[in-house]
Amino acid sequence: MSAGGARALDLARDIAAGERSAVAVAQAHLDRIAEHDGLVHAFNVVTADAALARAAEVDRAVAAGEPVGPLAGVPIAVKDNLATRGVETTCSSKILQGWVPPYDATVVQRIAAAGAVVVGKTNLDEFAMGSSTENSAFGPTRNPVRTDRVPGGSSGGSAAAVAADFAPIALGSDTGGSIRQPASFCGVVGVKPTYGLVSRYGLVAFASSLDQVGPFANSVADAALLLDAIAGPDPADATSIPQAAEAVLPRLDEGVAGLRVGIVSELLGEGIAPDVAARVREAAEALAAAGAEVVEVSVPAVTYGLSAYYLIAPAEASSNLARFDGVRYGLRVDAPTTNEMMVATRTAGFGDEVQRRIMLGTYALSAGYYDAFYGKAQKVRTLIGRDFAAAYEQADVLLSPTAPTTAFELGAIADPLTMYLNDICTIPTNLAGHAAMSVPFGTGDDGLPVGVQVLAPALGEVPMFRAAAVVEAAAPAPAAFEIAGSK
Ligand code: GLN
């Protein structure tokens with residue numbers, strides 16, 4: 001790969017030691033973006049000038065002997081639903097086109113403080129609603145591994161950017177699987193941290209009780225490096241966990257001897273492609289060979305996760321998206337009265353899937369239906385938490401597929417309900433507020449990447465990453481690929 005395919009850890013070490021120039025590293029990645037992003041479309045905007053200026057600043061600090069952070073000079077791609085001061089933030093929606101935030105999200109401040117170099121904002125399903133990045137108002141992203149395939153979603157641009165080596169690391173957000181499923185489809189590592197571990201300040205809200213920001217990387221260690229840089233309390237986010245986050249990176253090599261790993265039986269049966277299920281079993285065998293105690297566990301309520309999520313998430317979205325009214329942000333379609341202006345703006349500004357969710361959520365919350373839909377979904381959410389708690393008495397971490405299949409072709413899934421089924425394995429984690437990550441493990445019968453999901457209870461990041469490191473070490477070497485195809 002022309003940008004070198006280097007790992008973030010190596011780049012940061014070499015740049016901080018003055019052995020490599022941050023400007024040269026940034027330029028190599030920008031060149032690769034210029035060469036291939038016309039086809040892949042991972043980015044909504046590439047911030048080349050700012051990236052080179054920032055990289056020059058890192059080189060200057062290194063030369064002056066000033067301290068540089070753990071991500072010194074490492075290029076990073078940022079999902080376009082994270083506020084970036086002075087850089088348009090669209091959520092891949094027409095309604096936010098032209099909105100330039102006056103502030104940085106906390107995670108954006110933290111990566112900057114750690115020395116990272118932002119190369120651009122990545123494409124997503126509009127307002128993070130979707131599983132293929134085809135719901136972007138600005139056109140889909142292609143999977144760099146095979147460009148007739150989707151990259152997954154909603155953080156498809158971030159996953160594709162890392163897979164294509166446009167940046168060694170990226171930030172995404174995960175409400176029901178939006179980091180893990182695209183990571184699985186693109187053959188990269190993706191982490192959904194424990195709810196509250198990473199600040200949501202400056203993340204444009206989709207479903208506030210489920211949303212989390214997290215890392216993408218080409219290795220488990222790089223994902224740990226990025227997570228350690230962004231995790232920890234933030235007074236600007238009332239839901240952020242007040243205790244200092246435990247660093248993950250120093251614990252990665254502790255292995256899994258004695259660790260109890262539970263295979264979730266409900267997530268290996270119906271609806272999961274046999275080749276994907278086979279990879280999960282192989283990963284479990286690798287963990288057993290490394291000294292883990294592997295058992296089968298049952299988490300019965302996970303089978304209701306999808307139904308509960310598609311009431312809770314749209315309900316929260318309908319309320320969160322009420323602020324896009326033509327007055328405060330982005331698009332405004334003028335009309336004679338305020339009401340007509342708002343209707344015209346929201347009709348023109350929101351795409352079909354977003355409108356569908358707003359209507360679903362508004363209905364689920366309306367008087368007379370609240371108990372039957374939203375109230376019941378909240379009860380299911382409680383049951384999922386209880387079933388996980390029981391499973392975590394028998395196991396320290398759990399194992400499942402990340403997604404039921406490998407990446408599908410662009411345009412292959414037209415029906416929203418079929419699209420929603422992509423998230424059956426990932427949604428329960430968000431409902432429980434737990435942590436989970438996807439680690440590439442071989443390929444399906446079609447030669448495309450498969451992701452194995454490692455799940456952990458709240459604040460179980462350390463054992464989760466230890467298991468992930470063992471899965472990664474045992475994984476078959478990924479097949480090399482060229483980014484090829486026609487636009
Ligand atoms: N695909 C799921 C949805 O459409 C999850 C999205 C997400 O995690 N942001 O809601």
Side-chain angles (χ1 to χ4, degrees), residues 79-82 91-93 122-137 140-141 150-159 170-186 190-193 195 198 200 203-216 305-318 320-321 350-361 364 377 381 401-405 407-408 413-438 451 453 455:
K79 189 176 182 180
D80 200 16
N81 62 350
L82 287 161
C91 294
S92 290
S93 179
T122 57
N123 197 16
L124 62 146
D125 286 299
E126 185 176 3
F127 283 102
M129 297 176 188
S131 304
S132 66
T133 316
E134 293 168 298
N135 291 339
S136 166
T141 297
V150 301
S154 67
S155 314
S158 288
L171 289 175
S173 67
D174 190 310
T175 305
S178 276
I179 292 174
R180 292 161 284 162
Q181 182 257 16
S184 167
F185 278 15
C186 292
V191 184
K192 197 297 262 189
Y195 185 79
V198 177
R200 289 183 298 110
L203 167 68
V204 180
F206 162 11
S208 310
S209 76
L210 302 161
D211 299 340
Q212 261 300 278
V213 179
F216 284 96
L306 201 72
S307 319
Y309 173 88
Y310 277 100
L311 290 164
I312 294 168
E316 294 187 20
S318 72
N320 274 325
L321 271 54
F350 289 135
D352 288 350
E353 183 62 24
V354 176
Q355 295 197 21
R356 183 178 298 120
R357 305 250 184 143
I358 291 172
M359 286 190 276
L360 245 168
R381 188 171 188 177
T402 302
T405 64
F408 45 89
I413 301 185
D415 161 45
L417 287 180
T418 309
M419 191 67 89
Y420 297 171
L421 287 171
N422 265 282
D423 304 312
I424 44 175
C425 302
T426 47
I427 276 174
T429 296
N430 301 74
L431 288 168
H434 292 171
M437 64 192 285
S438 183
Q453 184 176 221
L455 305 89

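Both counts, for ligands and for their atoms, begin at 1 and track the order of listing. For this chain, numbers begin at 1 and follow the sequence in order. This one's a predicted model, so the numbers in the text were calculated from it and none came from an experiment.
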Contact (N/O only, under 3.5 Å) between Thr175 and ligand 1:
yes

Side-chain donor or acceptor of Thr429 paired with backbone N/O of His434 under 3.5 Å:
no

Mark up the atoms of ligand 1 that fall under 4.0 Å of a heavy atom belonging to Ala128, in ascending order.
6 (C), 7 (C), 9 (N)

With side chains defined as the heavy atoms from C-beta onward, is the minimum distance between Asn320 and Phe127 less than 4.5 Å?
no

Interatomic distance, Ser438 atom OG to Lys192 atom NZ [nearest 0.5 angstrom]
14.5 Å

Do Ser92 and Asp80 have side-chain N/O donor and acceptor atoms under 3.5 Å apart?
no

Looking at Gly351, is its backbone amide N or carbonyl O close enough to the side chain of Glu126 to form a donor-acceptor pair, meaning the two atoms are under 3.5 Å apart?
yes

Considering heavy atoms of the protein only, find what lies nearest to atom 7 (C) of ligand 1 and give residue, atom and distance to 0.1 Å.
Ser178 OG, 2.4 Å

Atoms in ligand 1 flagged as close to Gly130, the criterion being non-hydrogen separation under 4.0 Å
1 (N), 2 (C), 3 (C), 4 (O), 6 (C)

Which of the numbered atoms in ligand 1 are under 4.0 angstrom from any heavy atom belonging to Gly176?
5 (C), 7 (C), 8 (O)

Side-chain donor-acceptor pair present, Thr133, Thr141, cut-off under 3.5 Å:
no

Tell me whether Gln181 reaches ligand 1 (any heavy atom closer than 4.0 angstrom to a ligand atom).
no

Check contact between Gly177 and ligand 1, using heavy atoms of the residue and a distance below 4.0 angstrom.
yes

Distance under 4.0 Å to a non-hydrogen atom of Met129: what atoms of ligand 1 satisfy this?
4 (O)

Main chain of Glu134, side chain of Asp125: is a donor-acceptor contact present, judged purely on distance under 3.5 Å?
yes

Has ligand 1 got any nitrogen or oxygen that is less than 3.5 angstrom from a nitrogen or oxygen of Phe206?
no

Mode of Ser154 contact toward ligand 1 - side chain, backbone, both, neither (heavy atoms, under 4.0 Å):
side chain

Examine the side chains of Thr122 and Ser158 and answer whether a donor and an acceptor come within less than 3.5 Å of each other.
yes

Between Tyr309 and ligand 1, which part of the residue brings a heavy atom under 4.0 Å of the ligand: side chain, backbone, both or neither?
side chain

Please list the nearest protein heavy atom to atom 2 (C) of ligand 1 with its residue and the distance rounded to 0.1 Å.
Asp423 OD2, 3.1 Å

Using a 4.0 Å heavy-atom threshold (strictly under), name the region of Phe127 that reaches ligand 1: side chain, backbone, both or neither.
neither

Answer yes or no: is there a donor N or O on one side and an acceptor on the other, between the side chain of Ser154 and the main chain of Leu124, under 3.5 Å?
no

Could you tell me if the side chain of Asn430 sits less than 4.5 Å from the side chain of Arg180, heavy atoms only?
yes

Side chain, backbone, both or neither: which part of Arg357 has a heavy atom under 4.0 Å from ligand 1?
side chain

In terms of atom number and element, which parts of ligand 1 are under 4.0 angstrom from non-hydrogen atoms of Asp174?
8 (O)

Is it true that Tyr310 lies under 4.0 Å from ligand 1, counting heavy atoms only?
yes

